[in-house]
Amino acid sequence: MVKVVQKSISPLQLLQALEQVYPDAHCELLYRNPWQLLVATILSAQCTDKRVNLVTVELFRELPDPEHMAAASQQQVEDLIRSTGFYRNKAKSLIRSAQQVLTLHQGKVPADLNALVALSGVGRKTANVVLGNAYQIPGMVVDTHVKRLARRFGWTQTDKPEQIEIELSRLLPPTTWIQCSHTLIAHGRACCKAPTPICSACPIVKLCPRIGVQTAR
DNA sequence: ATCCCGAGGG
DNA sequence: CCCTCTGGAT
């Protein structure tokens, strides 16, 4: 008598299946250099990337680099970024981080996690976006989509972003980290939405650990 | 009404 | 740990 054990798919296998579905997933923020990506990512908090790209057209024309941003007034920056929300905090962060990049890093955005996180308005999520997309240095980006999908897949139990980042970094090899967030974000937007996933139209529903175990949330 | 590629302050 | 910051899209 052979006992059949239902073995769940590994995180790497599930991720690879998703990459087949979303082969073109990529960073949708528009930028020309690391500084502009840093700016766009700071602006992306609680805002769609489409809205950020609308705002940065004029923002980058008026204030294209750390020198211009560091010298700008709070009012000018607020007026340029208002529609992205949280505009007072974001304006303050942009001006301060520009000043820090100038005084601490010779005007160049540092390619180092700790140095990035030390900048105003830059947390681990923003820092890892810049590291991965501007410098091709593997960083696990945990945003609202990655957090939601990682929990639904059973890859983590916690809801603390930094803890999720640590756990996913152990579950997946560094070579997959940069593309991982793009793939999960693409799937999160298209299908595995908050609060209700559209499982009936899900391309990987047969591989989903959530279906079958039926754990809530 | 809820959600969008969060971070800082108390 | 919690709370606050904010406008736009759906």
Side-chain angles (χ1 to χ4, degrees), chain A residues 15 18-19 22 24-31 34 36-59 74-75 77-101 109 113-135 138-153 156 158-166 168-169 176-198 217:
Chain A
L15 179 63
L18 273 175
E19 285 175 349
Y22 306 98
D24 300 323
H26 63 284
C27 179
E28 295 191 23
L29 298 171
L30 300 177
Y31 61 97
Q36 291 191 349
L37 176 58
L38 179 64
V39 171
T41 308
I42 288 174
L43 293 179
S44 73
Q46 292 298 304
C47 179
T48 60
D49 45 4
K50 194 174 293 184
R51 168 67 45 188
V52 172
N53 289 337
L54 235 47
V55 162
T56 52
V57 171
E58 191 181 349
L59 179 64
Q74 172 79 16
Q75 187 63 49
V77 179
E78 286 185 8
D79 290 344
L80 285 164
I81 68 171
R82 177 161 286 108
S83 70
T84 66
F86 296 164
Y87 60 89
R88 279 186 282 263
N89 287 341
K90 288 176 181 176
K92 213 169 292 179
S93 295
L94 290 178
I95 295 169
R96 282 189 195 160
S97 60
Q99 294 167 345
Q100 292 164 335
V101 164
V109 175
L113 183 63
N114 291 324
L116 283 166
V117 169
L119 300 173
S120 279
V122 180
R124 298 187 67 88
K125 179 260 174 181
T126 298
N128 281 319
V129 167
V130 171
L131 281 181
N133 296 283
Y135 294 121
M140 184 64 79
V141 172
V142 178
D143 67 3
T144 178
H145 294 289
V146 173
K147 170 178 164 181
R148 184 178 70 253
L149 269 62
R151 288 169 57 84
R152 284 182 181 166
F153 290 161
T156 184
T158 179
D159 61 348
K160 289 181 278 189
E162 185 167 350
Q163 185 60 31
I164 296 175
E165 181 189 329
I166 293 170
L168 296 197
S169 298
T176 68
W177 293 354
I178 296 173
Q179 195 56 29
C180 174
S181 59
H182 296 142
T183 302
L184 294 184
I185 288 164
H187 185 53
R189 286 208 267 237
C191 181
C192 202
K193 303 183 180 187
T196 311
I198 310 173
R217 256 144 267 274

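Protein chains get the first letters and strands the later ones, always in sequence-line order, with residue 1 at the start of each.
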Asn89(A) CG to dC5(C) P, in whole Å, measures 9 Å

What's the gap between dC5(B) and dC3(C) when it is taken at their C1' atoms, as a whole Å value? 22 Å

Rounded to whole Å, CD1 of Ile95(A) lies from C1' of dA7(B) at a distance of 17 Å

When Pro195(A) and Ser44(A) are each assigned the nearest nucleotide of DNA chain B, the 5'-most assignment goes to Pro195(A)

Exam field: side chain Glu78(A) to backbone Ala91(A), donor-acceptor pair closer than 3.5 Å:
no

Whole-Å distance, Ile42(A) CD1 to dG8(B) C1', equals 13 Å

**Message:** With a 3.5 Å distance limit and no angle check, can you tell me whether Lys90(A) reaches the backbone of Thr84(A) through a side-chain donor-acceptor pair?
**Reply:** yes

Rounded to whole Å, CD of Glu78(A) lies from C1' of dG7(C) at a distance of 13 Å

Nearest-nucleotide check on DNA chain B, Cys27(A) vs Gly121(A); residue mapping nearer the 5' end is Cys27(A)

Note to self: If the cut-off is 4.0 Å, is Arg82(A) near the phosphate of dT6(C), judged by side-chain N/O to OP1 or OP2?
What the structure shows: no

Checking dT6(C), dC1(C), dG6(B) against the side chain of Arg88(A) (C-beta onward), the nearest is dT6(C)

Note to self: Would you say the base of dG7(C) stacks on Phe86(A) (centre-to-centre below 5.5 Å, plane angle below 30°)?
What the structure shows: no

Under 4.0 Å between a side-chain N or O of Thr126(A) and OP1 or OP2 of dA7(B)? yes

| field | Distance below 4.0 Å between Arg189(A) side-chain N/O and dC4(B) OP1 or OP2 | value | no

**Prompt:** Hey, does Leu54(A) reach any base, or is it just sugar-phosphate, or nothing, if we go heavy atoms under 4.0 Å?
**Reply:** nothing

(Q) Suppose you measure atom P in dT6(C) against the same atom in dG10(B); what distance do you get, rounded to whole Å? (A) 15 Å

- Is a side-chain N or O of Asn128(A) found less than 3.5 angstrom from the main chain of Met140(A), in a donor-acceptor match? yes

Donor-acceptor pair, Asn53(A) side chain versus Glu28(A) backbone, under 3.5 Å? yes

Leu149(A) atom CG is separated from dC3(B) atom P, nearest whole Å, by 14 Å

Quick one: label Ser120(A) by what it contacts on the DNA or RNA (base, sugar-phosphate, nothing), any heavy atom closer than 4.0 Å.
sugar-phosphate

note: Tyr31(A), atom OH; dC5(B), atom P; distance rounded to Å ~ 16 Å

Note to self: Less than 4.0 angstrom between a side-chain N/O of Thr48(A) and OP1 or OP2 of dA9(C), yes or no?
What the structure shows: no

What's Val129(A) touching, base or sugar-phosphate or nothing? Going by heavy atoms closer than 4.0 Å. base

Here the distance between atom P of dC5(B) and atom CD1 of Ile164(A), to the nearest Å, is 17 Å

- Message: OP1 or OP2 of dC4(B) versus the side-chain N and O atoms of Arg148(A): is any pair under 4.0 Å?
- Response: yes

message = Has Arg148(A) got a side-chain atom pairing as donor or acceptor with Cys192(A)'s backbone, closer than 3.5 angstrom?
response = yes

From the candidates dC1(C), dC5(B), dG7(C), the one with an atom nearest any side-chain atom of Lys160(A) is dC1(C)

> Just by modelled atom types, is the Gly139(A) backbone N or O under 3.5 Å from a matching donor or acceptor in the Glu165(A) side chain?
Replying inline: no

For Pro161(A), which contact category applies under a 4.0 Å heavy-atom criterion: base, sugar-phosphate, or nothing? nothing

Between NE2 of His145(A) and P of dC5(B) the distance, given in whole Å, is 4 Å

